[in-house]
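Since we're looking at a predicted model, the values are computed, not measured. Side chains are part of it too, since the values below use all heavy atoms of this structure and drop only hydrogens, waters and symmetry mates.
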Amino acid sequence: MLSERSSVYIHALKRQGMTISEIARRTNHDRKTIRAYLNGDRVPGRRQRAVPDSFEAFVDYVSARLSEDPHLWAATLLDELRPLGYAGSYPTLTRQIRDRGLRPACAACAHVTKRPNAVIEHPPGEETQFDWLELPDAPTHWGFPTKKAFLLVGSLAHSGVWRAVLAPSMDLPHLLAAMSTLLRLLGGLTRVWRFDRMRTVLDPVTGDLTAMFAGFAKHHGVQVVACRPRSGNRKGVVEKNNHTAAQRWWRTLPDELTLEQAQAGVEAFARRQDQRRREDVSGWSTAKAMFAAERLRALPPTVFPVILTEERTATRQALIDWRGNRYSVPPELAAGKVVVHHRHGSDTIDIATLSGAVLARHRVAEPGLGVTIRDTGHVTALETIALASAPPGRSHRRKERIPPGATALRAAAVLTGAAEPLSTVISLAAYEQAAKNRNTLP
């Protein structure tokens, strides 16, 4: 099949006086094909069908099946057509469906850009939109339980100003702790919080708010609104900011950064995004300028009580890594798994066994300082265990001279049947040789 461009080209070559054979060699086509297009027997852009059309008998069945199920796989349809006598191949079937336009568009699953959208008004201080962004391939030294990191993004719907907080998990305690930090970064509260239908916010069985999240919302005095199913465009502000954070920040994040440096980096990137242009009712403005009109309420004076639980593996020096610092554990937990409990906003952490027995409590250092905090009792116990388990004496060198000892010499004498211990014989021989050497000296 020749395209319109190729058809124009071969007609131009024909007008220039070239023969069909010359045109075929130049265009790498068969002479019969060139002759058919020059004579008008074939139309550019339209594939020549076999006569008679063997697919014509199956058009009604394929149309009916695709009308019933617009997402029906062509491979499944081919399985249904085989018993009906269809002998064509899978590529032929897909080409026939495509060329004939047999697969209808699914109105229920049409993309958001293919259906009418209303312009949603976002008054100042009205709504904050929240959403998790899953980030693959997190650096291993962050100590996250999986190979993924999670970024909670919060966006003010009116101005578009957004901030984000990194977390190791999307469970409810980490959601509430990340939201507390995020609200402080945004500078206050709006009247409404908007989420998608995440399980930590909505109970999947009843469709109502979960008990703990409802308490969190009451503590801040806001309303919680969940988007309807398949209506993600309702929170399009945060969705767009998610896309920006993934492509312009996470995609270029260096491997050597610590978690605290990455958190500082995403906060700095979000602040730079405040300068981007946005359309206001009076014309074009910036997110920072529109933020000045946000009417945000102050945060509560107390922090909502949330206990974060994270699993860690202690080193052989009985230390764990947590938020950029190291904390000691009892020496019997060295190289074992422990659980860190931290009440959000508290200045202490508890370290417990997997069964829940708390064995250590430390004051929390500033995240990312790289300091080591040890308990005196842990240090003393670790030194005692290390000294007790150390082998007596020094280790042997590879080329050290170690002659047979007394026990080995007595065993050798028994084996050789000597009248006296071999050690005595060796000692007498050494004495006689020493005396002879003394007599020869001047």
Side-chain angles (χ1 to χ4, degrees), residues 1-119 136 229-234 236 239-240 242-244 246-248 251-252 277 279 284:
M1 180 183 68
L2 295 184
S3 63
E4 292 286 0
R5 185 188 299 272
S6 299
S7 177
V8 171
Y9 182 54
I10 65 174
H11 278 81
L13 295 180
K14 181 64 176 177
R15 292 289 296 272
Q16 295 173 13
M18 287 190 181
T19 63
I20 291 179
S21 298
E22 291 174 336
I23 297 174
R25 285 193 296 270
R26 175 168 293 197
T27 59
N28 198 24
H29 285 291
D30 187 79
R31 287 177 297 175
K32 295 189 293 294
T33 301
I34 299 298
R35 183 178 293 107
Y37 280 97
L38 291 177
N39 294 337
D41 298 333
R42 297 184 61 179
V43 179
R46 185 181 303 170
R47 190 178 298 276
Q48 188 176 18
R49 300 185 184 276
V51 180
D53 188 355
S54 59
F55 190 77
E56 192 66 35
F58 305 96
V59 170
D60 293 340
Y61 179 82
V62 173
S63 300
R65 289 294 288 121
L66 293 180
S67 298
E68 297 165 356
D69 185 2
H71 303 286
L72 183 66
W73 284 14
T76 307
L77 188 57
L78 181 63
D79 294 338
E80 297 178 2
L81 291 176
R82 289 296 188 202
L84 300 178
Y86 178 72
S89 63
Y90 174 81
T92 301
L93 174 61
T94 56
R95 188 184 69 248
Q96 292 283 355
I97 294 174
R98 183 174 57 253
D99 291 348
R100 296 172 182 266
L102 300 180
R103 187 184 295 275
C106 181
C109 301
H111 194 268
V112 64
T113 58
K114 297 181 180 179
R115 60 177 188 245
N117 293 320
V119 177
R230 298 177 295 277
S231 298
N233 58 312
R234 183 59 182 81
E239 293 285 355
K240 182 59 180 177
N242 281 356
H243 184 67
T244 301
Q247 298 299 323
R248 297 186 57 185
R251 198 175 186 88
T252 59
R277 295 182 65 196
E279 189 174 5
W284 287 99

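Atom-to-atom distance recorded for Arg35:CZ and Lys14:NZ is 9.0 Å, nearest 0.5 angstrom. Distance CD1/Ile20 to CG/Leu38: 6.0 Å, rounded to 0.5 Å. Distance CZ/Phe55 to CD1/Ile97: 6.0 Å, rounded to 0.5 Å. Between the CZ atom in Arg25 and the CE atom in Met18 there is a gap of 10.0 Å [rounded to 0.5 Å]. A distance of 10.0 Å separates OG1 in Thr252 from CD in Gln247, rounded to the nearest 0.5 Å. The line from CG of Asp99 to OG1 of Thr92 is 10.5 Å long, rounded to the nearest 0.5 Å.
Closest of all the heavy-atom pairs between Thr94 and Ala74 is CG2-CB, 3.8 Å. Closest approach of Phe58 and Leu84 over heavy atoms only: CE2-O, 3.7 Å.
Here the side chain of Tyr37 pairs a donor or acceptor atom with the backbone of Leu2 at under 3.5 angstrom. The backbone N or O of Ile10 lies less than 3.5 Å from no partner atom in the side chain of Arg26, so there is not a single donor-acceptor pair. Judged by distance alone, with hydrogens and angles left aside, the side-chain atoms of Asn39 form no donor-acceptor pair with the main-chain N or O of Asp41 at under 3.5 Å. Of the possible donor and acceptor atoms, one in the side chain of Arg103 sits under 3.5 Å from a partner among the backbone N and O of Pro70.
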- Message: Does Glu22 form a side-chain contact (heavy atoms from CB on, under 4.5 Å) with Leu13? I'd like the steps, not just the answer.
- Response: CA-CA 9 Å; Glu22 291 174 336; Leu13 295 180; over 6 Å; no
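Residue pairs meeting the side chain to side chain donor-acceptor pair (under 3.5 Å) criterion with at least one partner in residues 66-79, sequence neighbours excluded, are Arg65-Glu68.
Contact of the Tyr9 side chain with the Ile23 side chain is not registered, since no non-hydrogen atoms from C-beta on lie closer than 4.5 Å. Here the side chains of Gln96 and Leu102 are not in contact, with every heavy-atom distance at 4.5 Å or above.
In Arg31, the CZ atom is not crowded: 12 or fewer heavy atoms of neighbouring residues, nucleotides or ligands sit closer than 6.0 Å. In the displayed structure, His11 atom NE2 is contacted under 6.0 Å by more than 12 heavy atoms of other residues, nucleotides or ligands.
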